[in-house]
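A short write-up of the structure that comes next.
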2 protein chains.
Amino acid sequence: MRPASVKDVADRAGVAVGTVSNVLNYPERVSARTQEKVQRAIEELGFVRNDAARQLRAGRSRTIGMVLLDAANPFFASVARGAEDAAAGAGSSVVFASSRHDARREARYIDLFEEQRVQGLLVSPVGSIAARVAELRSHGLVVVLLDREGDPQLYSSVSVDDVHGGYLAASHLVETGRRRIAFVGGGRHLQQVADRLRGAEKAVAEHPGVSLEFLPTEELNVLAGREVGQALVQRSRHLLPDGVFCANDLLATGVLQSVLLAESLDVPRDIGLVGYDDIDFAGSAIVPLSSVRQPAEEIGRTAIRLLAQELEDPGAPHEHVVFKPELVVRASTGTPGARP
Amino acid sequence: MRPASVKDVADRAGVAVGTVSNVLNYPERVSARTQEKVQRAIEELGFVRNDAARQLRAGRSRTIGMVLLDAANPFFASVARGAEDAAAGAGSSVVFASSRHDARREARYIDLFEEQRVQGLLVSPVGSIAARVAELRSHGLVVVLLDREGDPQLYSSVSVDDVHGGYLAASHLVETGRRRIAFVGGGRHLQQVADRLRGAEKAVAEHPGVSLEFLPTEELNVLAGREVGQALVQRSRHLLPDGVFCANDLLATGVLQSVLLAESLDVPRDIGLVGYDDIDFAGSAIVPLSSVRQPAEEIGRTAIRLLAQELEDPGAPHEHVVFKPELVVRASTGTPGARP
DNA sequence: ACCGTCTTTTGAATCGTTTCATAAATACGT
DNA sequence: ACGTATTTATGAAACGATTCAAAAGACGGT
């Protein structure tokens with residue numbers, strides 16, 4: 001049975017379709033008596049507005065689309081929560097999709113959201129999507145990039161200084177006496193990874209005698225970290241890094257698990273470990289993780305704010321908000337100078 | 001500038017609108033020459049289909065809506081991932097929204113999805129939404145409930161035997177010598193909480209001399225666990241529980257943090273701790289957490305399968321899949337008999 | 001009863017896509 | 001060259017909500 005339409009409601013209430021629409025959208029224009037009749041008809045028929053029809057007429061939807069890198073990473077869950085709260089305050093809804101670091105999945109969801117004519121799009125992009133964003137913009141869609149700074153001509157963005165974050169992490173490892181640093185993270189094509197690595201390289205360059213090694217992974221989750229960790233612990237002692245910096249806390253958690261499983265090795269004694277994001281679990285890891293904190297919820301809230309600004313005044317110049325990350329020191333790196 | 005429509009494409013390509021539509025939907029019906037003309041026009045104009053119009057015509061969208069209890073809980077992220085994979089295999093997209101254990105937010109998102117005429121709805125409900133589901137069903141919307149068994153007349157569901165899970169957890173605590181058990185979890189109005197508690201009660205009842213105490217929390221996250229933990233450690237020793245079972249791993253993680261911060265207390269020596277869900281972080285907690293494992297991704301996949309089944313054959317009887325949870329023993333409960 | 005003002009209601013037109021009956025074009029057999 | 005079969009292309013109608021100019025109704029004043 002086809003769902004009821006305004007026409008059905010109008011017939012049953014004995015009024016015109018325009019009146020039903022007015023009851024729904026401008027009740028103050030309709031007499032109390034008529035409103036009541038219409039309301040009753042709506043309830044009797046179980047009428048639910050058809051959003052597709054509304055949207056078609058309005059030319060635009062009331063939802064905001066958000067494409068996240070990885071919904072399974074609590075960091076992004078926090079960003080999403082911040083965005084959701086801010087949007088709810090402004091009367092919009094946010095729907096999410098997770099690209100899982102896969103450019104094709106990302107493209108699919110961006111297409112989907114564009115076809116849905118969402119109000120705007122928040123994207124934490126997998127690779128370079130400058131071209132795609134330019135296209136979206138030329139179609140009139142407002143896009144805010146998350147966790148990625150870029151062409152100020154094209155879009156607004158909210159990001160965190162990843163180079164600085166990488167620098168903080170690696171510097172800290174060096175300062176706690178580490179000399180052979182390893183950076184664990186997905187490929188260099190991921191900008192977050194590339195930037196954090198760049199920051200680490202910079203820190204290492206400032207200290208002669210300190211080496212930096214890059215250990216790429218397929219994915220950026222706990223399992224991938226565990227695999228890297230297993231490979232590490234099988235190395236002969238003189239090839240083993242004494243400091244490991246992971247591109248996120250999931251990887252760090254996995255590395256930690258593997259290293260501790262190797263009975264002869266200890267964190268922070270033999271390996272100092274730093275993660276990234278400072279998710280809730282970092283502080284309660286088997287050895288509490290030092291980590292680089294990003295203001296996740298604030299990133300989400302800010303992104304919605306920038307989006308709202310651009311929707312209101314499409315001509316306004318794009319804004320780029322860059323947050324500073326912050327190093328949180330915990331047991332996984334020991335205390336400076338505490339090593340022999 | 002208004003986005004290009006099929007009409008615009010048709011004009012530019014010098015064909016009829018129906019032909020453009022055919023190029024998009026039934027290319028085999030269109031000659032190669034015409035296809036080429038149309039494709040060129042599409043590219044030149046940057047034409048993107050308007051999903052609202054398609055949907056309006058089709059009467060139904062191509063996406064599946066999913067309302068989760070808490071996107072920040074890695075367990076639900078895994079369920080979502082399973083669902084997404086299964087749906088992608090069937091050519092549908094899944095969009096998510098997080099109710100965060102708030103019935104009003106849940107209602108808002110369900111309304112939104114209903115107005116969007118989604119293909120179907122997956123919901124892990126906050127409270128009892130039997131009435132709302134009945135209404136949705138009567139409007140012809142297919143609903144599958146997650147993590148909740150219920151009226152077999154109304155809907156299909158995928159759940160895990162939470163009573164059994166609670167029983168497993170509490171039994172294990174008792175078997176490792178605990179006598180004063182505390183159950184930590186949000187209010188009894190949350191069915192998962194109520195069921196797990198019921199299972200625990202059953203286990204305790206089988207062992208005379210063992211007591212069970214219920215410690216409700218506002219939320220079900222790490223912070224809430226930390227707060228309960230802080231309250232616990234301030235108790236005088238004879239009122240302190242020696243076994244704590246948490247309704248999920250987030251709570252358990254928080255409790256663990258607080259207990260370990262109290263220098264005089266140790267897990268598992270003074271308190272045995274069991275969580276629920278066995279998220280990736282449970283195994284790498286400061287003291288690896290014993291936990292009750294649920295097959296998260298499989299729950300998501302199964303839900304999509306049931307949904308697809310019902311869409312295909314609306315008359316088919318509703319199916320209720322119930323998975324069995326599984327206890328994973330780790331250090332946080334020590335080994336049986338290892339205590340004085 | 002009539003006029004002017006203000007409130008309420010009406011319903012055709014519109015948004016962009018798909019469908020489908022019909023028309024046009026093309027190919028094929030004799 | 002002609003008729004028939006087959007392949008392509010056409011364009012009006014439909015989906016359901018909103019808009020808005022115009023009509024209808026209500027009311028007070030004379």
Side-chain angles (χ1 to χ4, degrees), chain A residues 1-39 41-42 45-63 111-112 114-118 139-141, chain B residues 1-39 41-42 45-63 111-112 114-118 139-141:
Chain A
M1 185 207 53
R2 192 177 48 77
S5 72
V6 274
K7 179 82 178 19
D8 301 324
V9 173
D11 288 351
R12 172 167 270 241
V15 300
V17 290
T19 303
V20 176
S21 177
N22 282 333
V23 169
L24 294 169
N25 301 294
Y26 308 93
E28 72 280 5
R29 293 186 191 163
V30 181
S31 74
R33 239 181 74 71
T34 308
Q35 273 195 52
E36 210 176 301
K37 276 192 299 183
V38 172
Q39 284 296 355
I42 286 178
L45 294 172
F47 167 76
V48 174
R49 273 150 125 126
N50 183 325
D51 198 51
R54 297 185 78 184
Q55 231 173 273
L56 176 56
R57 184 63 236 241
R60 116 150 345 162
S61 92
R62 290 158 307 123
T63 64
D111 288 350
L112 180 70
E114 188 182 6
E115 291 188 0
Q116 292 184 350
R117 301 286 193 274
V118 291
H139 296 174
L141 188 58
Chain B
M1 185 206 52
R2 191 177 48 76
S5 72
V6 273
K7 179 83 176 18
D8 300 326
V9 173
D11 288 352
R12 172 167 271 240
V15 300
V17 290
T19 303
V20 176
S21 178
N22 282 333
V23 169
L24 294 170
N25 301 294
Y26 308 95
E28 73 280 5
R29 292 187 191 163
V30 181
S31 75
R33 239 181 74 71
T34 308
Q35 274 195 52
E36 209 177 302
K37 276 193 300 183
V38 172
Q39 283 298 357
I42 286 178
L45 295 172
F47 167 76
V48 174
R49 273 148 124 128
N50 183 325
D51 198 51
R54 297 185 78 185
Q55 233 173 271
L56 176 57
R57 183 64 235 240
R60 127 145 331 165
S61 92
R62 291 159 306 124
T63 64
D111 288 350
L112 180 69
E114 189 183 6
E115 290 188 359
Q116 292 185 348
R117 300 284 192 275
V118 290
H139 297 173
L141 189 58

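Values below: all heavy atoms of this structure, side chains included; hydrogens, waters and symmetry mates excluded. By convention in this document, chain letters (A, B, ...) are assigned in the order of the sequence lines, proteins followed by strands, and residues within each chain are numbered from 1.
A:Arg54 is listed as a side-chain neighbour of A:Asn25, based on a closest heavy-atom distance under 4.5 Å. Contact annotation: the side chain of B:Gln55 never approaches that of A:Leu56 to less than 4.5 Å [non-hydrogen atoms, C-beta and beyond].
The heavy-atom pair separating B:Arg12 from B:Ala41 by the smallest distance is CG-CB, 3.9 Å. Considering all non-hydrogen atoms of both residues, B:Phe47 and B:Leu24 come closest at CE2-CD1, 3.8 Å. Across all non-hydrogen atoms, the minimal contact from A:Val118 to A:Leu141 is O-CD1, 3.2 Å.
When DNA chain D is scanned in the 5' to 3' direction for atoms under 4.0 Å from non-hydrogen atoms of chain A, the outermost contacting nucleotides are D:dG16 to D:dT19.
Residue A:Ser31 places no side-chain N or O under 4.0 Å from the OP1 or OP2 atom of C:dT7.
Partner of A:Val30 under the side chain to side chain contact (heavy atoms under 4.5 Å, CB included) criterion, chosen from A:Val20, A:Val15, A:Val38, A:Val23: A:Val23.
Formation of a donor-acceptor pair under 3.5 Å by the A:Gln116 side chain with backbone atoms of A:Ser61 is not found in this model. Put simply, the side chain of A:Asp11 never gets that close to the backbone of A:Asp8: no donor and acceptor are under 3.5 Å apart.
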Produce a footprint string for nucleotides 15-27 of chain C: one letter per nucleotide, 5' end first; B if the base is under 4.0 Å from any protein heavy atom, S if only the sugar-phosphate is, - if neither. BBBBB--------
